[in-house]
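Below is one structure, written out as C-alpha coordinates; the observations come after it.
Just so you know, these numbers use all the heavy atoms, side chains as well, and skip hydrogens, waters and symmetry mates. Sequence lines set the chain letters: A, B, ... in the order given, protein chains first and strands last, and positions in each chain run from 1.
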Amino acid sequence: MPEILTGMNNAYDILQERGFIAQVTDAALRDRLGSPLTCYAGFDPTADSLHVGHLLPVMALAHMQRCGHRPIVLVGGGTALIGDPSGKNEMRRILSRDEVRRNAESIKKQLSRYVTFDGLESALCLDNADWLTPLNYIDFLRDIGRHFSVNRMLAAESYRARLESGLNFIEFNYMLLQSYDFLHLYTRHDCALQIGGNDQWGNIVAGIDLIRRVAGGQSFGLTFPLITTAAGTKMGKTESGAVWLDPARTSPYQYYQFWINTDDRDVERFLLYFTFLPAARVRAEIDSGIQMAKELLAFEATRLSHGDGAASQARQDARSAFYGDGGNLDSIPASRIAASSLRSGVPAFIFFADAGLCASRAAARRLIAEGGGYVNGERVGSFEDTITLEHVKDGYILLRAGKKRFHKVVVE
RNA sequence: GGAGAGGUACCCGAGUGGCCAAAGGGGGCAGACUGUAAAUCUGCUGGCGACGCCUACGGAGGUUCGAAUCCUCCUCUCUCCA
(Lines give C-alpha, C1' and ligand atoms only; values in the text may rest on other atoms or scores of the structure.)
Protein backbone atom coordinates (compact mmCIF):
# COMPACT_ATOMS: atom_id res chain seq x y z
CA MET A 1 0.00 0.00 0.00
CA PRO A 2 1.30 3.43 -0.82
CA GLU A 3 2.03 5.57 2.15
CA ILE A 4 -0.06 8.66 2.62
CA LEU A 5 1.74 11.94 2.27
CA THR A 6 0.99 14.00 5.32
CA GLY A 7 2.35 17.07 6.87
CA MET A 8 3.17 18.66 3.58
CA ASN A 9 1.28 20.46 0.95
CA ASN A 10 -0.31 18.72 -1.93
CA ALA A 11 1.88 19.16 -4.98
CA TYR A 12 -1.16 20.04 -7.00
CA ASP A 13 -1.98 22.96 -4.77
CA ILE A 14 1.55 24.22 -4.95
CA LEU A 15 1.70 24.00 -8.71
CA GLN A 16 -1.65 25.65 -9.00
CA GLU A 17 -0.79 28.44 -6.61
CA ARG A 18 2.33 29.11 -8.62
CA GLY A 19 0.59 29.20 -11.95
CA PHE A 20 2.05 26.03 -13.40
CA ILE A 21 -1.22 24.46 -14.40
CA ALA A 22 -2.77 25.13 -17.74
CA GLN A 23 -4.73 21.92 -18.08
CA VAL A 24 -5.07 18.62 -16.29
CA THR A 25 -6.58 15.53 -17.82
CA ASP A 26 -8.47 14.51 -14.73
CA ALA A 27 -9.52 16.41 -11.63
CA ALA A 28 -8.79 13.28 -9.63
CA LEU A 29 -5.11 14.03 -10.01
CA ARG A 30 -5.12 16.17 -6.90
CA ASP A 31 -6.28 13.25 -4.75
CA ARG A 32 -3.85 10.93 -6.42
CA LEU A 33 -1.07 13.28 -5.41
CA GLY A 34 -2.02 12.62 -1.80
CA SER A 35 0.31 9.65 -1.97
CA PRO A 36 3.68 9.29 -3.66
CA LEU A 37 3.65 8.99 -7.38
CA THR A 38 6.14 8.88 -10.18
CA CYS A 39 5.94 11.52 -12.87
CA TYR A 40 7.96 12.44 -15.89
CA ALA A 41 8.81 15.22 -18.26
CA GLY A 42 10.69 14.88 -21.49
CA PHE A 43 13.70 16.87 -22.67
CA ASP A 44 15.29 16.93 -26.08
CA PRO A 45 19.02 16.34 -25.98
CA THR A 46 19.58 18.57 -28.98
CA ALA A 47 22.31 20.50 -27.18
CA ASP A 48 24.62 19.75 -24.31
CA SER A 49 22.88 22.34 -22.18
CA LEU A 50 19.38 23.32 -21.18
CA HIS A 51 18.27 26.91 -21.50
CA VAL A 52 15.77 28.95 -19.56
CA GLY A 53 13.05 27.84 -21.95
CA HIS A 54 13.33 24.40 -20.33
CA LEU A 55 13.08 25.68 -16.82
CA LEU A 56 9.36 25.39 -16.29
CA PRO A 57 9.19 21.58 -16.44
CA VAL A 58 12.41 21.45 -14.44
CA MET A 59 10.90 23.54 -11.67
CA ALA A 60 7.71 21.51 -11.78
CA LEU A 61 9.65 18.29 -11.34
CA ALA A 62 11.55 19.88 -8.48
CA HIS A 63 8.32 20.84 -6.76
CA MET A 64 7.04 17.33 -7.22
CA GLN A 65 10.13 15.87 -5.64
CA ARG A 66 9.95 18.29 -2.74
CA CYS A 67 6.42 17.10 -2.15
CA GLY A 68 7.55 13.50 -1.92
CA HIS A 69 7.04 12.33 -5.46
CA ARG A 70 9.57 10.75 -7.75
CA PRO A 71 10.49 12.59 -10.91
CA ILE A 72 11.75 10.96 -14.05
CA VAL A 73 13.75 13.03 -16.44
CA LEU A 74 13.25 11.53 -19.83
CA VAL A 75 15.89 12.40 -22.34
CA GLY A 76 14.55 12.00 -25.84
CA GLY A 77 17.61 10.36 -27.26
CA GLY A 78 15.55 8.04 -29.43
CA THR A 79 13.32 10.71 -30.81
CA ALA A 80 16.30 12.96 -31.40
CA LEU A 81 17.61 10.27 -33.72
CA ILE A 82 14.76 10.80 -36.12
CA GLY A 83 14.14 14.52 -35.86
CA ASP A 84 11.34 16.90 -35.54
CA PRO A 85 8.96 17.25 -32.65
CA SER A 86 5.50 18.49 -33.47
CA GLY A 87 4.94 22.19 -33.50
CA LYS A 88 8.26 23.26 -34.88
CA ASN A 89 8.51 24.65 -38.33
CA GLU A 90 11.84 23.32 -39.30
CA MET A 91 13.31 19.90 -39.25
CA ARG A 92 15.49 19.38 -36.30
CA ARG A 93 19.03 18.36 -36.93
CA ILE A 94 19.48 14.66 -36.65
CA LEU A 95 22.00 13.70 -34.01
CA SER A 96 24.25 10.73 -33.68
CA ARG A 97 23.95 8.33 -30.78
CA ASP A 98 27.21 9.58 -29.34
CA GLU A 99 26.20 13.21 -29.43
CA VAL A 100 22.91 12.36 -27.79
CA ARG A 101 24.62 10.40 -25.07
CA ARG A 102 27.04 13.19 -24.32
CA ASN A 103 24.25 15.75 -24.31
CA ALA A 104 22.11 13.64 -22.03
CA GLU A 105 24.98 13.31 -19.58
CA SER A 106 25.56 17.03 -19.24
CA ILE A 107 21.85 17.79 -19.11
CA LYS A 108 21.53 15.39 -16.24
CA LYS A 109 24.33 17.17 -14.46
CA GLN A 110 22.59 20.50 -14.84
CA LEU A 111 19.34 19.08 -13.64
CA SER A 112 20.94 17.74 -10.53
CA ARG A 113 20.96 21.27 -9.20
CA TYR A 114 17.18 21.21 -9.24
CA VAL A 115 16.29 17.62 -8.50
CA THR A 116 18.32 15.11 -6.62
CA PHE A 117 19.31 11.88 -8.28
CA ASP A 118 20.09 10.12 -5.06
CA GLY A 119 18.36 9.50 -1.79
CA LEU A 120 14.89 8.35 -0.96
CA GLU A 121 12.89 10.04 -3.66
CA SER A 122 15.72 9.78 -6.10
CA ALA A 123 14.94 11.05 -9.52
CA LEU A 124 15.62 8.87 -12.51
CA CYS A 125 17.20 9.93 -15.72
CA LEU A 126 16.25 7.73 -18.64
CA ASP A 127 16.91 7.80 -22.34
CA ASN A 128 14.14 6.65 -24.61
CA ALA A 129 16.70 5.47 -27.14
CA ASP A 130 17.01 2.45 -24.86
CA TRP A 131 13.56 1.22 -25.73
CA LEU A 132 12.79 2.99 -28.99
CA THR A 133 15.75 1.86 -31.03
CA PRO A 134 15.16 -1.88 -30.55
CA LEU A 135 11.59 -1.53 -31.76
CA ASN A 136 10.54 -3.61 -34.68
CA TYR A 137 8.36 -1.77 -37.15
CA ILE A 138 5.88 -4.56 -37.78
CA ASP A 139 5.49 -5.32 -34.10
CA PHE A 140 5.10 -1.68 -33.32
CA LEU A 141 2.38 -1.20 -35.90
CA ARG A 142 0.51 -4.27 -34.72
CA ASP A 143 0.79 -3.63 -30.98
CA ILE A 144 0.78 0.13 -30.76
CA GLY A 145 -0.24 1.58 -34.10
CA ARG A 146 -3.57 -0.20 -34.08
CA HIS A 147 -4.70 1.87 -31.11
CA PHE A 148 -4.39 5.17 -32.92
CA SER A 149 -7.07 6.78 -34.98
CA VAL A 150 -5.76 8.99 -37.71
CA ASN A 151 -8.99 10.93 -37.60
CA ARG A 152 -8.45 11.74 -34.00
CA MET A 153 -4.81 12.56 -34.47
CA LEU A 154 -5.67 15.02 -37.20
CA ALA A 155 -8.09 16.69 -34.84
CA ALA A 156 -5.27 17.45 -32.41
CA GLU A 157 -4.51 21.12 -32.29
CA SER A 158 -0.81 20.59 -32.82
CA TYR A 159 -1.39 18.72 -36.05
CA ARG A 160 -4.23 20.83 -37.30
CA ALA A 161 -1.96 23.83 -37.44
CA ARG A 162 0.64 21.85 -39.32
CA LEU A 163 -1.83 20.65 -41.90
CA GLU A 164 -1.64 24.10 -43.41
CA SER A 165 2.11 24.36 -43.58
CA GLY A 166 2.91 20.75 -44.22
CA LEU A 167 3.68 17.82 -42.00
CA ASN A 168 5.89 14.90 -42.79
CA PHE A 169 5.40 11.33 -41.72
CA ILE A 170 8.08 11.41 -39.06
CA GLU A 171 6.45 14.34 -37.37
CA PHE A 172 3.12 12.66 -37.61
CA ASN A 173 4.57 9.65 -35.83
CA TYR A 174 5.85 11.67 -32.97
CA MET A 175 2.62 11.23 -31.08
CA LEU A 176 2.92 7.46 -31.24
CA LEU A 177 6.47 7.46 -30.00
CA GLN A 178 5.73 9.80 -27.14
CA SER A 179 2.70 7.75 -26.19
CA TYR A 180 4.81 4.66 -26.26
CA ASP A 181 7.32 6.34 -23.95
CA PHE A 182 4.60 7.03 -21.45
CA LEU A 183 3.34 3.47 -21.70
CA HIS A 184 6.84 2.15 -21.18
CA LEU A 185 7.40 4.33 -18.12
CA TYR A 186 4.01 3.35 -16.79
CA THR A 187 4.64 -0.35 -17.01
CA ARG A 188 8.32 -0.37 -16.09
CA HIS A 189 8.55 2.45 -13.61
CA ASP A 190 5.02 2.82 -12.37
CA CYS A 191 4.97 6.34 -13.75
CA ALA A 192 1.44 7.66 -13.81
CA LEU A 193 1.83 11.32 -14.64
CA GLN A 194 3.31 13.14 -17.56
CA ILE A 195 3.88 16.86 -17.40
CA GLY A 196 4.85 19.16 -20.20
CA GLY A 197 4.14 22.33 -22.07
CA ASN A 198 0.64 22.98 -23.24
CA ASP A 199 1.71 22.22 -26.79
CA GLN A 200 2.24 18.66 -25.60
CA TRP A 201 -1.38 18.24 -24.58
CA GLY A 202 -2.35 16.12 -27.55
CA ASN A 203 0.63 13.81 -27.14
CA ILE A 204 0.04 13.45 -23.42
CA VAL A 205 -3.62 12.62 -23.83
CA ALA A 206 -2.73 10.10 -26.51
CA GLY A 207 -0.32 8.44 -24.09
CA ILE A 208 -2.97 8.21 -21.41
CA ASP A 209 -5.33 6.61 -23.91
CA LEU A 210 -2.71 4.11 -24.94
CA ILE A 211 -2.05 3.16 -21.32
CA ARG A 212 -5.73 2.59 -20.77
CA ARG A 213 -6.08 0.44 -23.87
CA VAL A 214 -2.91 -1.60 -23.57
CA ALA A 215 -2.36 -1.79 -19.83
CA GLY A 216 -5.82 -1.03 -18.61
CA GLY A 217 -4.39 1.50 -16.20
CA GLN A 218 -5.17 5.02 -15.20
CA SER A 219 -2.66 7.76 -15.74
CA PHE A 220 -2.66 11.52 -15.71
CA GLY A 221 -1.42 14.49 -17.62
CA LEU A 222 -0.72 18.04 -16.62
CA THR A 223 0.38 20.86 -18.86
CA PHE A 224 1.93 24.26 -18.20
CA PRO A 225 0.87 27.46 -19.83
CA LEU A 226 3.02 28.65 -22.65
CA ILE A 227 5.12 31.36 -21.07
CA THR A 228 5.40 34.54 -22.98
CA THR A 229 6.72 37.79 -21.67
CA ALA A 230 4.47 40.75 -21.08
CA ALA A 231 5.82 42.13 -24.31
CA GLY A 232 4.39 39.11 -26.05
CA THR A 233 7.62 37.43 -27.02
CA LYS A 234 8.67 33.91 -26.27
CA MET A 235 10.33 33.77 -22.91
CA GLY A 236 14.00 32.92 -22.63
CA LYS A 237 15.32 34.27 -25.87
CA THR A 238 17.50 37.29 -26.25
CA GLU A 239 18.94 38.93 -29.33
CA SER A 240 22.05 36.88 -28.94
CA GLY A 241 20.10 33.65 -28.72
CA ALA A 242 19.03 31.35 -25.95
CA VAL A 243 19.95 31.95 -22.34
CA TRP A 244 21.76 28.79 -21.36
CA LEU A 245 22.19 27.17 -17.98
CA ASP A 246 25.72 26.18 -18.90
CA PRO A 247 28.03 28.84 -17.41
CA ALA A 248 30.42 28.34 -20.30
CA ARG A 249 27.70 29.45 -22.70
CA THR A 250 25.96 32.05 -20.57
CA SER A 251 28.04 33.27 -17.69
CA PRO A 252 26.40 33.67 -14.28
CA TYR A 253 26.75 37.44 -14.69
CA GLN A 254 24.95 37.34 -18.03
CA TYR A 255 22.39 34.99 -16.59
CA TYR A 256 21.78 37.42 -13.76
CA GLN A 257 21.49 40.24 -16.29
CA PHE A 258 18.90 38.31 -18.21
CA TRP A 259 16.70 38.03 -15.18
CA ILE A 260 17.19 41.54 -13.93
CA ASN A 261 15.99 42.82 -17.28
CA THR A 262 12.65 41.16 -16.74
CA ASP A 263 9.66 43.28 -17.59
CA ASP A 264 8.02 44.70 -14.45
CA ARG A 265 4.79 42.99 -15.35
CA ASP A 266 6.46 39.58 -15.40
CA VAL A 267 8.34 39.73 -12.14
CA GLU A 268 5.67 38.28 -9.88
CA ARG A 269 4.89 35.46 -12.28
CA PHE A 270 8.55 34.66 -12.77
CA LEU A 271 9.27 34.64 -9.05
CA LEU A 272 6.58 32.01 -8.72
CA TYR A 273 7.82 30.01 -11.67
CA PHE A 274 11.55 30.23 -11.33
CA THR A 275 12.27 30.43 -7.62
CA PHE A 276 11.14 28.41 -4.64
CA LEU A 277 10.18 31.44 -2.57
CA PRO A 278 6.80 30.91 -0.91
CA ALA A 279 3.93 32.55 -2.72
CA ALA A 280 3.11 34.77 0.24
CA ARG A 281 6.68 36.02 0.30
CA VAL A 282 6.55 36.72 -3.41
CA ARG A 283 3.46 38.85 -2.99
CA ALA A 284 5.06 40.74 -0.14
CA GLU A 285 8.18 41.41 -2.17
CA ILE A 286 6.19 42.73 -5.07
CA ASP A 287 4.26 45.00 -2.76
CA SER A 288 7.36 46.40 -1.18
CA GLY A 289 8.98 47.44 -4.42
CA ILE A 290 9.32 46.14 -7.92
CA GLN A 291 13.03 46.82 -8.27
CA MET A 292 14.02 44.98 -5.15
CA ALA A 293 11.75 42.16 -6.18
CA LYS A 294 13.45 42.04 -9.55
CA GLU A 295 16.86 41.88 -7.98
CA LEU A 296 15.63 39.07 -5.80
CA LEU A 297 14.38 37.23 -8.85
CA ALA A 298 17.72 37.61 -10.58
CA PHE A 299 19.61 36.53 -7.51
CA GLU A 300 17.45 33.52 -6.73
CA ALA A 301 17.31 32.31 -10.30
CA THR A 302 21.07 32.62 -10.63
CA ARG A 303 21.60 30.95 -7.30
CA LEU A 304 19.52 27.97 -8.36
CA SER A 305 21.48 27.19 -11.46
CA HIS A 306 24.94 28.47 -10.52
CA GLY A 307 25.09 28.33 -6.75
CA ASP A 308 25.39 30.86 -3.94
CA GLY A 309 28.86 32.09 -4.69
CA ALA A 310 28.32 32.81 -8.36
CA ALA A 311 25.01 34.50 -7.65
CA SER A 312 26.46 36.77 -4.99
CA GLN A 313 29.31 37.63 -7.26
CA ALA A 314 26.99 38.44 -10.14
CA ARG A 315 24.84 40.65 -7.94
CA GLN A 316 27.85 42.37 -6.47
CA ASP A 317 29.39 43.08 -9.85
CA ALA A 318 26.12 44.25 -11.31
CA ARG A 319 25.71 46.73 -8.48
CA SER A 320 29.26 47.93 -8.88
CA ALA A 321 28.99 48.32 -12.62
CA PHE A 322 25.64 50.06 -12.61
CA TYR A 323 25.79 52.08 -9.44
CA GLY A 324 29.52 52.53 -9.28
CA ASP A 325 30.33 51.46 -5.76
CA GLY A 326 33.72 50.45 -7.04
CA GLY A 327 33.84 46.68 -6.88
CA ASN A 328 36.38 44.64 -8.74
CA LEU A 329 33.96 43.46 -11.43
CA ASP A 330 35.40 39.97 -11.47
CA SER A 331 32.53 38.40 -13.32
CA ILE A 332 31.67 40.84 -16.06
CA PRO A 333 32.65 39.85 -19.58
CA ALA A 334 36.33 40.43 -20.15
CA SER A 335 39.03 40.12 -22.74
CA ARG A 336 42.77 40.64 -22.68
CA ILE A 337 45.20 42.84 -24.51
CA ALA A 338 48.97 43.22 -24.36
CA ALA A 339 50.16 46.53 -22.93
CA SER A 340 52.60 46.86 -25.80
CA SER A 341 49.83 47.18 -28.34
CA LEU A 342 48.46 50.19 -26.49
CA ARG A 343 51.71 52.09 -26.45
CA SER A 344 51.06 53.84 -29.72
CA GLY A 345 47.35 54.11 -29.11
CA VAL A 346 44.45 52.22 -30.69
CA PRO A 347 41.49 53.93 -32.35
CA ALA A 348 38.41 53.53 -30.18
CA PHE A 349 36.31 51.75 -32.79
CA ILE A 350 38.98 49.12 -33.27
CA PHE A 351 39.37 48.76 -29.55
CA PHE A 352 35.64 48.19 -29.09
CA ALA A 353 35.44 45.72 -31.93
CA ASP A 354 38.50 43.75 -30.92
CA ALA A 355 37.27 43.53 -27.36
CA GLY A 356 34.23 41.76 -28.70
CA LEU A 357 31.74 44.39 -27.60
CA CYS A 358 30.74 45.08 -31.18
CA ALA A 359 30.24 42.59 -33.95
CA SER A 360 32.40 44.46 -36.43
CA ARG A 361 34.46 47.60 -36.70
CA ALA A 362 31.67 49.16 -38.70
CA ALA A 363 29.27 48.40 -35.87
CA ALA A 364 31.71 49.94 -33.43
CA ARG A 365 31.92 53.09 -35.54
CA ARG A 366 28.16 53.31 -35.54
CA LEU A 367 27.89 52.74 -31.81
CA ILE A 368 30.40 55.45 -30.98
CA ALA A 369 29.07 57.87 -33.57
CA GLU A 370 25.63 57.46 -31.99
CA GLY A 371 27.05 58.34 -28.61
CA GLY A 372 26.78 54.86 -27.17
CA GLY A 373 30.43 54.13 -26.55
CA TYR A 374 31.99 54.73 -23.14
CA VAL A 375 35.47 54.26 -21.78
CA ASN A 376 35.82 54.25 -18.01
CA GLY A 377 32.39 55.76 -17.78
CA GLU A 378 33.06 58.62 -20.15
CA ARG A 379 31.42 58.93 -23.50
CA VAL A 380 33.79 58.59 -26.45
CA GLY A 381 33.48 61.65 -28.65
CA SER A 382 34.74 60.25 -31.91
CA PHE A 383 35.38 56.73 -33.04
CA GLU A 384 38.85 57.76 -34.04
CA ASP A 385 39.81 58.85 -30.55
CA THR A 386 42.68 56.71 -29.43
CA ILE A 387 42.84 54.45 -26.45
CA THR A 388 46.21 54.46 -24.76
CA LEU A 389 47.93 53.24 -21.63
CA GLU A 390 46.60 56.30 -19.86
CA HIS A 391 43.15 54.75 -19.90
CA VAL A 392 44.31 51.79 -17.87
CA LYS A 393 43.03 51.80 -14.31
CA ASP A 394 43.72 49.01 -11.84
CA GLY A 395 45.07 46.96 -14.67
CA TYR A 396 42.10 47.21 -16.96
CA ILE A 397 40.01 49.47 -19.13
CA LEU A 398 36.27 49.46 -18.57
CA LEU A 399 34.17 49.73 -21.69
CA ARG A 400 30.47 50.17 -21.98
CA ALA A 401 28.16 49.93 -24.97
CA GLY A 402 24.90 51.69 -24.49
CA LYS A 403 23.35 51.67 -21.09
CA LYS A 404 24.06 48.22 -19.91
CA ARG A 405 26.66 46.23 -21.76
CA PHE A 406 29.84 46.35 -19.73
CA HIS A 407 33.13 44.88 -20.79
CA LYS A 408 36.49 44.78 -19.14
CA VAL A 409 39.70 44.76 -21.12
CA VAL A 410 42.50 43.47 -18.95
CA VAL A 411 45.86 44.94 -19.89
CA GLU A 412 48.82 42.73 -19.31
C1' G B 1 6.21 10.10 -62.07
C1' G B 2 3.20 14.67 -64.31
C1' A B 3 1.65 20.02 -63.97
C1' G B 4 2.25 24.61 -61.59
C1' A B 5 4.16 28.21 -57.92
C1' G B 6 8.23 29.79 -55.44
C1' G B 7 13.54 30.37 -52.87
C1' U B 8 15.46 38.29 -51.84
C1' A B 9 19.34 40.82 -45.72
C1' C B 10 18.03 38.30 -38.64
C1' C B 11 12.45 37.37 -39.99
C1' C B 12 8.21 38.70 -43.09
C1' G B 13 8.02 40.90 -47.69
C1' A B 14 8.38 44.55 -52.28
C1' G B 15 11.39 44.85 -56.47
C1' U B 16 10.96 41.56 -63.07
C1' G B 17 17.62 45.19 -67.19
C1' G B 18 20.88 50.68 -64.98
C1' C B 19 18.12 55.70 -60.37
C1' C B 20 19.55 48.65 -55.99
C1' A B 21 23.69 47.64 -50.40
C1' A B 22 18.13 46.51 -52.47
C1' A B 23 11.04 49.77 -50.60
C1' G B 24 7.93 48.70 -46.30
C1' G B 25 7.09 46.23 -41.72
C1' G B 26 8.91 43.36 -37.60
C1' G B 27 13.11 42.48 -34.74
C1' G B 28 17.68 44.47 -33.01
C1' C B 29 21.11 48.56 -31.61
C1' A B 30 21.85 53.65 -30.02
C1' G B 31 20.16 58.58 -28.26
C1' A B 32 16.38 61.47 -25.36
C1' C B 33 13.12 60.38 -21.14
C1' U B 34 13.90 56.79 -16.94
C1' G B 35 14.47 52.64 -12.72
C1' U B 36 19.50 48.03 -15.94
C1' A B 37 11.32 48.19 -16.41
C1' A B 38 7.36 49.74 -19.78
C1' A B 39 5.45 53.37 -23.14
C1' U B 40 6.86 57.33 -26.43
C1' C B 41 9.89 60.19 -29.92
C1' U B 42 14.51 60.27 -33.05
C1' G B 43 18.54 58.00 -35.60
C1' C B 44 21.06 53.62 -37.17
C1' U B 45 20.87 48.52 -38.86
C1' G B 46 26.52 43.86 -45.00
C1' G B 47 32.04 44.33 -44.68
C1' C B 48 36.71 47.01 -45.11
C1' G B 49 41.76 52.11 -41.20
C1' A B 50 36.33 53.81 -45.90
C1' C B 51 34.12 60.41 -50.22
C1' G B 52 36.38 54.71 -52.53
C1' C B 53 36.59 49.41 -52.74
C1' C B 54 34.76 44.34 -51.76
C1' U B 55 30.87 40.88 -50.91
C1' A B 56 25.48 39.90 -51.33
C1' C B 57 18.96 38.50 -53.86
C1' G B 58 19.08 29.30 -53.54
C1' G B 59 23.85 27.04 -56.66
C1' A B 60 26.70 26.90 -61.38
C1' G B 61 27.20 28.83 -66.08
C1' G B 62 25.57 32.29 -70.09
C1' U B 63 23.45 36.90 -72.71
C1' U B 64 24.55 42.31 -72.02
C1' C B 65 28.43 48.20 -71.75
C1' G B 66 25.45 46.85 -67.33
C1' A B 67 21.66 41.31 -64.07
C1' A B 68 18.14 40.35 -57.85
C1' U B 69 15.69 41.12 -62.66
C1' C B 70 16.64 37.80 -69.25
C1' C B 71 18.43 32.43 -70.89
C1' U B 72 20.32 27.24 -69.61
C1' C B 73 21.30 23.47 -66.18
C1' C B 74 21.20 21.99 -61.06
C1' U B 75 19.05 22.13 -56.21
C1' C B 76 15.46 22.78 -52.33
C1' U B 77 10.33 24.03 -50.67
C1' C B 78 5.13 24.27 -51.43
C1' U B 79 0.35 23.24 -54.18
C1' C B 80 -2.51 20.20 -57.39
C1' C B 81 -2.72 15.51 -60.14
C1' A B 82 -1.12 10.09 -60.37
Quick test: give all pairs of protein nitrogen or oxygen and nucleotides 80-82 of chain B nitrogen or oxygen below 3.5 Å, distance rounded to 0.1 Å.
none

Treat primed atoms plus P, OP1 and OP2 as sugar-phosphate and everything else as base, then score nucleotides 32-42 of chain B 5' to 3': B for base contact with protein heavy atoms under 4.0 Å, S for sugar-phosphate contact only, - for none.
-> SBBBBBS----
Quiz item: E370(A) side-chain donor-acceptor pair to G43(B) base, under 3.5 Å | yes
Let me have the donor-acceptor pairs involving side chains of residues 51-64 of chain A, under 3.5 Å, with sequence neighbours excluded, atom names and distances please.
{"residue": "H51(A)", "atom": "ND1", "partner": "G53(A)", "partner atom": "N", "Å": "3.1"}
{"residue": "H54(A)", "atom": "ND1", "partner": "H51(A)", "partner atom": "N", "Å": "3.0"}

Sorted by chain and number, sequence neighbours left out, side chain to side chain contact (heavy atoms under 4.5 Å, CB included) with L342(A) holds for I337(A), V346(A), F351(A), I387(A), L389(A), V392(A), I397(A), V411(A)
Opposite nucleotide pairing with C80(B), Watson-Crick or G-U, both atom distances under 3.5 Å = G2(B)
Without placing hydrogens or testing angles, list every side-chain donor-acceptor pair under 3.5 Å for residues 279-298 of chain A, not counting sequence neighbours.
{"residue": "R281(A)", "atom": "NE", "partner": "E285(A)", "partner atom": "OE2", "Å": "3.0"}
{"residue": "R281(A)", "atom": "NH2", "partner": "E285(A)", "partner atom": "OE2", "Å": "3.1"}
{"residue": "S288(A)", "atom": "OG", "partner": "A284(A)", "partner atom": "O", "Å": "3.3"}
{"residue": "S288(A)", "atom": "OG", "partner": "E285(A)", "partner atom": "O", "Å": "3.2"}
{"residue": "K294(A)", "atom": "NZ", "partner": "T262(A)", "partner atom": "O", "Å": "2.8"}
{"residue": "K294(A)", "atom": "NZ", "partner": "D264(A)", "partner atom": "OD1", "Å": "2.7"}
{"residue": "E295(A)", "atom": "OE1", "partner": "R319(A)", "partner atom": "NH2", "Å": "2.8"}
{"residue": "E295(A)", "atom": "OE2", "partner": "R319(A)", "partner atom": "NE", "Å": "3.1"}

Can you check whether D263(A) reaches F270(A) side chain to side chain, under 4.5 Å on heavy atoms?
-> no
So, are R249(A) and D48(A) salt-bridged, with charged N and O less than 4.0 Å apart?
-> yes
Which residues, if any, of residues 380-389 of chain A bring a heavy atom under 4.0 Å of RNA chain B?
-> none
Can you sort out the partners of R146(A) under side chain to side chain contact (heavy atoms under 4.5 Å, CB included), two or more places apart, ordered by chain and number?
-> none
Using the C1' atom as the reference point in each nucleotide, state the distance between G59(B) and G6(B) in Å, no decimals.
-> 16 Å
All N/O contacts under 3.5 Å from nucleotides 54-57 of chain B to the protein, with atom names and distances to one decimal?
none

State yes or no: are the ring centers of Y253(A) and F406(A) separated by less than 6.0 Å?
-> no
When rounded to the nearest 0.5 angstrom, what is the spacing between NE2 in H189(A) and CZ in R70(A)?
-> 7.5 Å
Check whether any side-chain nitrogen or oxygen of R405(A) sits under 4.0 Å from OP1 or OP2 of A30(B), and answer yes or no.
-> yes
Sorted by number, the residues of residues 341-366 of chain A with heavy-atom contact under 4.0 Å to RNA chain B | P347(A), I350(A), S360(A), R361(A), A362(A), R365(A), R366(A)
Got a sec, which pairs hit salt bridge (charged side-chain N to carboxylate O under 4.0 Å, His left out) with one end in residues 360-388 of chain A, sequence neighbours left out?
-> D354(A)-R361(A)
Mind checking ring pair (Phe, Tyr, Trp, His ring centres under 6.0 Å) for Y273(A) and listing every partner two or more places apart, or none if nothing turns up?
-> F20(A)
Please list, chain by chain and in numerical order, all residues satisfying ring pair (Phe, Tyr, Trp, His ring centres under 6.0 Å) with Y40(A), sequence neighbours excluded.
-> F182(A)
